[in-house]
Amino acid sequence: MTLIKTEIPEGMEPIYSYPESLTRLSTHYCPGCVHGIVHRLIAEVLDELGVRENTIGVAPVGCSVLIYNYINTDFVGASHGRAPAMATGIKRIYPDKVVFTYQGDGDIAAIGTAEIIHAANRGELITTVAINNAIYGMTGGQMAPTTLPGMVTTSTPTGRDCAVAGYPVKLSEILAQTAGAVYITRESATDIVGIRKTKKAIKRAFLAQIHGLGFACVEVLATCPTNWNLDPWEAMQWSREHLGGFYPVETFKMTDEVKALKV
Amino acid sequence: MTEQLLKGNVAFAEAAVRNGLRAYFGYPITPQSEALEHLSGRMIEEGRVFLQAESEIAAINMVYGAACTGVRVMTSTSGPGLALMAEGLSYIAGSEVPVVVVNMMRGGPGLGNIQPSQADYNFMTKSAGHGDFHPLVLAPASIQEIIDMVGLAFELAEKYRTLVMIAGDGSIGQMMESAELPPMQPVRDTVPEWAVSGAKGREPNVVTSLYLGAEKLEALNLRLQAKLAEIKRNETRSVEVATEDADLLLVAYGTAGRICVSVLREARRQGLNVGLFRPQTLWPYPEERLSELADQVKGMLVVEMSAGQMLEDVQRVVQGRVPIRFHGRMGGAIPMVDEILVDAESLAKEIGQW
């Protein structure tokens, strides 16, 4: 992998720099994929909160399985969908450390549905970042729980027929109903405004954990240009239009304590 | 310390607390639920972690997460629950984290029933999950022995950074016996250097079972196999009763092994030179000693609460040197002394010893 170097000339102050919580590796993600963007947002948040050395991440199964190559904290690798259970085990041992899971939509809204709902319902003091691109990226573009009605994938070649394959799962709406969740929001990381909002949401979600308020999850509408057969620019537009059209970008639950956090 | 009357499930759970268990995650399943109930009170009393998970799948992954921090952690279950845990067991083996799992075997397949069984022998010793690995499997035959094996299980799990399973059965879990618990040990407060704890002043630690590239994954497998070979060399355990002059050898473990002690006494009373070989480790199987005994005795009778799963290991070791007969009960039925004796007598006649 390519090593990226940032050198600051003598006598100059950096106004924008590489986050300490991000390793200096270039990612393996496809052009136009937003995993790299969201990784960076998490890294910036960990830097700003000063918790990098106190953080343990839980990696999923999916395209972001190698997230520990990019985020510069301790990490464990979960089996498919079980990241919230693993995070629970870690957090119960280390209540004072920051524990987060990073999961794709297949991981969190299909195979791992039970684990995320129960972790949220227990009010587990962990933070979850869920990437929703409506498709299984790593296995080659099959239908995800979040695949839109009529959407063509390699396992719905004539488009998702909901009468046969079931309906798209709106995870955030479901999690918002759990008593233990304090902050459930859906953001979109496909344009500058959305990326800035996503970062703020991630920061709020980590702060909710650090202040011991309860479970927080940020769902991020994303892209998969490779499996959508679109170029990066088209994919960003498609995500905003179609994913955003089906999955409203909004905050579904935010307790008063979370609202009062200074982000 | 004094002996007290203890139920098996409570005994092993309390033994774990006294061996410095830091966290327990579990899901209720008969015939081991008393362990979870006992720990739900005791762990909180001691300021440690107890959590009832939403499934055995979640339980084993909570165990896996806690194990990545290097603490003493365990779960307990029975066959149907163990099947759900198989995914996690494989990840635990691949990640080389120390974990102890107690399986109180019940009748199967399927929902089966809740009576004692030994039908998870192959599952535990040979195929606890996908990929090439074996857990170290300990088999107690009494309440005292399961108490002692809990301490041993934690030691071995940590020494080898491996998965250790205790193969009990419904009767070990449910029966009460007089036994002595170990003294209370504090929870260990040191963190192993490989564990995750936050990368303060060091490079990040990553605990994973993912090794992309055949060379890397083969290297992990070679390391695992070398470790298993070392476990095989050092940790094989068995007990023997009256084998010195035995012509006919009973081979049985756990509850079946315990029943065979009564068979042996009765057979000896009738003038049969019967001995008992009882493996305490099912993996690694005590091959070397059994092989020596195969050169000494004239026949073997394997007794199991299964269709004959350990039997195949005995046949593998004995290699046809002496006749082997099998007495098995299934589905929660327990072998009876009288019935085993009939088979022992008939084998004795066959080998000309009676």
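All values below were derived from every heavy atom in this structure, side-chain atoms included, with hydrogens, water molecules and symmetry-related copies excluded. Just so you know, these numbers come straight off a predicted model, no measurement behind them. In what follows, chains carry the letters A, B, and so on, assigned in the order in which the sequence lines appear, proteins first and then strands, with residues in each chain numbered from 1.
- By number of non-hydrogen pairs under 4.5 angstrom with chain A, the leading residue of C68(B), A66(B), A59(B) is A66(B).
- Applying the ring-ring contact (aromatic ring centres under 6.0 Å, His included) test to F75(A) and every residue at least two apart in sequence or in another chain returns F100(A).
- Looking at A78(A), only its backbone comes within 4.5 Å of chain B, counting heavy atoms on both sides.
- The local environment of CD1 in I114(B) is sparse, with at most 12 non-hydrogen atoms from other residues, nucleotides or ligands closer than 6.0 Å.
- For Q177(A), the side chain to side chain donor-acceptor pair (under 3.5 Å) test picks out no residue, with sequence neighbours left out.
- For chain B, the nearby parts of I93(A) are the backbone and the side chain; heavy atoms of each come within less than 4.5 Å.
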Cross-interface N/O pairs, chain A with chain B, donor-acceptor, under 3.5 angstrom:
{"residue": "E53(A)", "atom": "OE2", "partner": "G201(B)", "partner atom": "N", "Å": "3.3"}
{"residue": "D74(A)", "atom": "OD1", "partner": "R202(B)", "partner atom": "NH1", "Å": "2.8"}
{"residue": "D74(A)", "atom": "OD1", "partner": "N205(B)", "partner atom": "N", "Å": "2.7"}
{"residue": "D74(A)", "atom": "OD2", "partner": "S197(B)", "partner atom": "N", "Å": "2.8"}
{"residue": "D74(A)", "atom": "OD2", "partner": "G198(B)", "partner atom": "N", "Å": "3.0"}
{"residue": "D74(A)", "atom": "OD2", "partner": "R202(B)", "partner atom": "NH1", "Å": "3.4"}
{"residue": "D74(A)", "atom": "OD2", "partner": "R202(B)", "partner atom": "NH2", "Å": "2.7"}
{"residue": "F75(A)", "atom": "N", "partner": "N205(B)", "partner atom": "O", "Å": "2.9"}
{"residue": "F75(A)", "atom": "O", "partner": "V207(B)", "partner atom": "N", "Å": "2.9"}
{"residue": "G77(A)", "atom": "N", "partner": "V207(B)", "partner atom": "O", "Å": "2.9"}
{"residue": "G77(A)", "atom": "O", "partner": "Y64(B)", "partner atom": "OH", "Å": "3.2"}
{"residue": "S79(A)", "atom": "OG", "partner": "N61(B)", "partner atom": "OD1", "Å": "3.4"}
{"residue": "S79(A)", "atom": "OG", "partner": "E87(B)", "partner atom": "OE1", "Å": "3.4"}
{"residue": "R82(A)", "atom": "NE", "partner": "E87(B)", "partner atom": "OE1", "Å": "3.0"}
{"residue": "I93(A)", "atom": "O", "partner": "R22(B)", "partner atom": "NH2", "Å": "3.4"}
{"residue": "K97(A)", "atom": "NZ", "partner": "S197(B)", "partner atom": "O", "Å": "2.9"}
{"residue": "R122(A)", "atom": "NH1", "partner": "E54(B)", "partner atom": "OE1", "Å": "3.0"}

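- Of all the heavy atoms in A58(B) and A85(A), the pair that sits closest is O-CB, 3.7 Å.
- For chain A, the nearby part of V191(B) is the side chain; its heavy atoms alone come within less than 4.5 Å.
- Of the listed residues (L51(B), I60(B), V63(B)), the one with the most heavy-atom contacts under 4.5 Å to chain A is L51(B).
- In this view, C33(A) and Y29(A), H35(A) satisfy the side chain to side chain contact (heavy atoms under 4.5 Å, CB included) rule, not counting sequence neighbours.
- For a residue to count as touching a neighbouring chain, one of its non-hydrogen atoms must lie under 4.5 Å from one of that chain's; by this rule V196(B) touches chain A with backbone and side chain alike.
- Environment of CG in L222(B): crowded, with over 12 heavy atoms of neighbouring residues, nucleotides or ligands closer than 6.0 Å.
- Side-chain contact between L66(A) and L212(B): present, with at least one pair of heavy atoms (C-beta onward) separated by less than 4.5 Å.
- At a 4.5 Å heavy-atom cutoff, the contact between V206(B) and chain A is made by backbone and side-chain atoms alike.
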